[in-house]
Trainee: 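Let me begin by handing over the structure; questions about it come next.
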Number of protein chains: 2
Amino acid sequence: MALSAEKLTNNQQTVLDLLEKSKEPLKAYAILYDTQKKGIKAPLQVYRALDKLIEIGKVHKIESRNSYIACEHKNCNSSTSTSFLICETCDQVSELTQKNLPSYFAKQSEQADFKYAKHNLEIYGVCKDCTK
Amino acid sequence: MALSAEKLTNNQQTVLDLLEKSKEPLKAYAILYDTQKKGIKAPLQVYRALDKLIEIGKVHKIESRNSYIACEHKNCNSSTSTSFLICETCDQVSELTQKNLPSYFAKQSEQADFKYAKHNLEIYGVCKDCTK
DNA sequence: TAAAAAGTGTTATAATATAACATATCAAAT
DNA sequence: ATTTGATATGTTATATTATAACACTTTTTA
C-alpha cells in the first residue's frame, strides 16, 4: 500500500489528532498524559505511534527540543528533511517550506566533499506575532 | 574578562581535552566514563563543564545525536549557530564553515515574517572517506 | 580583604527513550 | 476460508540523558 494512503491505527490516529490540534510542539510524555483517556497507557505506545507517524511523514521531531509536531503540509510523505522556524518568545514552531533548500545544501556539502542525503534545520528567532 | 581569553577550570579542561582528541562526537556518559581517572565522578560534573564549554563556543552539541564535539575553529567564541555534516556511514562529524549561511537563513526567514536570530543545521550524508 | 560570582562534590531524582516478550490484528496469497 | 507473514499492541522493566538541591570552595573584582 502506498504510504500516502496508509491507514492509521487507533493509537497512531489518537496521537496524530492531538498533535494536529496543538498550537505548539508536544513532548512525548505530554502526549502520553493527554491521551490517557483514549486508552494510551504507556510511554512505548506513544513512541511507537510517533515512530510510525514520523516514518510516513505526518509528524516531525524537533531534535533540539525533544518535541513533536504534526506536519503542516497536506499529504506530506516525506520523513527525510525538515526545516523549522522556532520562536524563542512564544515557542511556536512553523515549517520553512523552501523547495530549494535541499539543492542549496547539496551544493554547500559538495564543496566539503560531502554527499548530501537529507537535513534538519532549526532556525531560532522571533515570529511575526511576537515582533509586534 | 573577554570570553576568548577565558581560563578553563580543571574539569572544563579535562572534558575539552578529551573532546579534542576524539575523532567522533562523544556522549555525556561516555565522557564521564573516560574522565574518571582524571577525577570526574558524577554526570553533573560533565554536564556543567559542557555547559560552560558550549557557552564559550569551544564545544557544540549535536542535537539529533545527544552528543558533543569540540569546535574545529581556533578561537571560536560563538555558541550561537552551528552547522554540521554528519556521515551516516562512519558517524564522523565536521563543521560546515559557510560564512553566508546566517544571512541566507535570515533572508529565507524574512519571507515567512520571521526574525532570524541563530540556527542549528544538521546535514546527513556520506563523507569523503566513505564514498571511496 | 570583604563581597560577589563562579565552580565543585555529592546524592538524589527527573525526563526521555528503548528492550524484551507474549499476544493480537489484519492483509494477501494460497 | 485459512494459513502465513508482517505489523501493531499491551505490559513490565530498564536504559539513557539531564537536572534539582544543598553545602562548600575557589576565584575575581571592587
Side-chain angles (χ1 to χ4, degrees), chain A residues 1-19 22 24-69 79 91 120 122, chain B residues 1-19 22 24-69 79 91 120 122:
Chain A
M1 184 181 273
L3 282 179
S4 56
E6 194 113 27
K7 176 116 174 10
L8 299 180
T9 65
N10 282 347
N11 287 356
Q12 291 159 9
Q13 191 66 55
T14 298
V15 170
L16 181 58
D17 286 347
L18 181 66
L19 283 171
S22 174
E24 303 124 41
L26 297 177
K27 293 182 163 250
Y29 279 70
I31 294 170
L32 173 59
Y33 181 84
D34 286 348
T35 53
Q36 301 238 313
K37 49 188 155 318
K38 300 274 188 177
I40 291 185
K41 293 175 186 164
L44 204 42
Q45 294 174 291
V46 173
Y47 283 108
R48 285 199 283 224
L50 286 172
D51 284 349
K52 184 65 181 181
L53 291 167
I54 288 169
E55 184 192 330
I56 64 176
K58 296 284 188 193
V59 165
H60 305 309
K61 179 175 185 181
I62 300 171
E63 294 287 353
S64 65
R65 297 264 169 116
N66 297 318
S67 58
Y68 303 86
I69 187 171
S79 60
D91 287 331
N120 173 47
E122 301 178 357
Chain B
M1 183 181 271
L3 283 180
S4 55
E6 195 114 24
K7 176 118 173 11
L8 299 180
T9 66
N10 282 347
N11 287 357
Q12 290 159 9
Q13 192 66 55
T14 298
V15 171
L16 181 57
D17 286 348
L18 180 67
L19 284 171
S22 174
E24 303 126 40
L26 297 177
K27 295 186 161 245
Y29 279 70
I31 294 171
L32 172 60
Y33 181 83
D34 286 348
T35 53
Q36 302 237 313
K37 48 187 156 319
K38 300 274 188 176
I40 290 184
K41 293 174 187 166
L44 203 43
Q45 294 174 290
V46 173
Y47 282 107
R48 286 199 281 223
L50 286 172
D51 284 348
K52 184 64 182 186
L53 291 166
I54 289 169
E55 184 192 329
I56 65 177
K58 297 284 189 193
V59 166
H60 305 308
K61 179 174 185 181
I62 300 171
E63 294 288 353
S64 65
R65 297 262 168 117
N66 296 318
S67 58
Y68 303 86
I69 188 172
S79 61
D91 287 331
N120 173 48
E122 302 178 358

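Below, chains carry the letters A, B, ... as their sequence lines are ordered, and counting in each starts from 1.
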Trainee: One pair to check against side chain to side chain contact (heavy atoms under 4.5 Å, CB included): B/I40 and B/I31. What are the steps and the verdict?
Mentor: CA-CA 9 Å; B/I40 290 184; B/I31 294 171; over 6 Å; no
Trainee: Mind calculating the distance between CG (A/L32) and C1' (D/dG10) to the nearest angstrom?
Mentor: 13 Å
Trainee: On the nucleotide C/dT10, are OP1 or OP2 found under 4.0 Å from the side-chain N or O atoms that B/Q45 carries?
Mentor: no
Trainee: Calculate the interatomic distance between A/I40 atom CD1 and D/dA8 atom C1'; express it in whole Å.
Mentor: 12 Å
Trainee: On DNA chain C, nearest-nucleotide positions of B/T9 versus B/N66: which is more 5'?
Mentor: B/T9
Trainee: Could B/D17 and B/K38 be called an ion pair, given the rule that one side-chain N must be under 4.0 Å from one carboxylate O?
Mentor: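 Salt bridge between B/D17 and B/K38, a charged N being under 4.0 Å from a carboxylate O: no.
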Trainee: Within the structure provided, determine whether A/L50 and A/Q12 are in side-chain contact (heavy-atom separation under 4.5 Å).
Mentor: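 Side chain of A/L50 against side chain of A/Q12, heavy atoms only: no contact under 4.5 Å found.
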Trainee: In whole Å, what is the span from the NZ atom of A/K27 to the C1' atom of D/dT19?
Mentor: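 Whole-Å distance recorded here is 12 Å.
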Trainee: Under 3.5 Å, side chain of A/E122 to main-chain N/O of A/I62, donor-acceptor pair present?
Mentor: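 A pair under 3.5 Å: no.
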Trainee: Please give, in whole Å, the distance from C/dA17 C1' to A/E63 CD?
Mentor: 12 Å
Trainee: Could you state the CG-P distance from A/L53 to D/dT7, rounded to the nearest angstrom?
Mentor: 16 Å
Trainee: Would a distance-only check, ignoring hydrogens and angles, find a side-chain to backbone donor-acceptor pair under 3.5 Å from A/S22 to A/L18?
Mentor: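 Side chain of A/S22 to backbone of A/L18: no pair is present.
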Trainee: Hey, does the side chain of B/N11 come within less than 4.0 Å of C/dG9's phosphate (OP1/OP2), counting only N and O?
Mentor: yes
Trainee: Mind calculating the distance between CG (B/L44) and C1' (D/dA23) to the nearest angstrom?
Mentor: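 Nearest whole value for this atom pair: 14 Å.
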Trainee: C/dA17 phosphate, OP1 or OP2: any side-chain N/O from A/K61 under 4.0 angstrom?
Mentor: yes
Trainee: Which whole-number value in Å describes the distance from B/R48 CZ to D/dT25 C1'?
Mentor: 12 Å
Trainee: So, is B/Y47 close to the C/dA15 phosphate, meaning a side-chain N or O under 4.0 Å from OP1 or OP2?
Mentor: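 No, B/Y47 has no side-chain N/O under 4.0 Å of OP1/OP2 on C/dA15.
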Trainee: Between D/dA15 and B/Y29, counting only base atoms on the nucleotide and side-chain atoms on the residue, is there a donor-acceptor pair under 3.5 Å?
Mentor: no
Trainee: Expressed as a whole number of angstroms, how long is the span from B/K7:NZ to D/dT29:P?
Mentor: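 Going from B/K7 (NZ) to D/dT29 (P), I get 13 Å.
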Trainee: Would you say B/K52 places a side-chain N or O within less than 4.0 Å of OP1 or OP2 belonging to C/dA5?
Mentor: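 No, because none of the side-chain N or O atoms of B/K52 sits under 4.0 Å from OP1 or OP2 of C/dA5.
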Trainee: Can you tell me which nucleotide in D/dT12, D/dT9, C/dA17 comes closest to the side chain of A/Y68?
Mentor: C/dA17
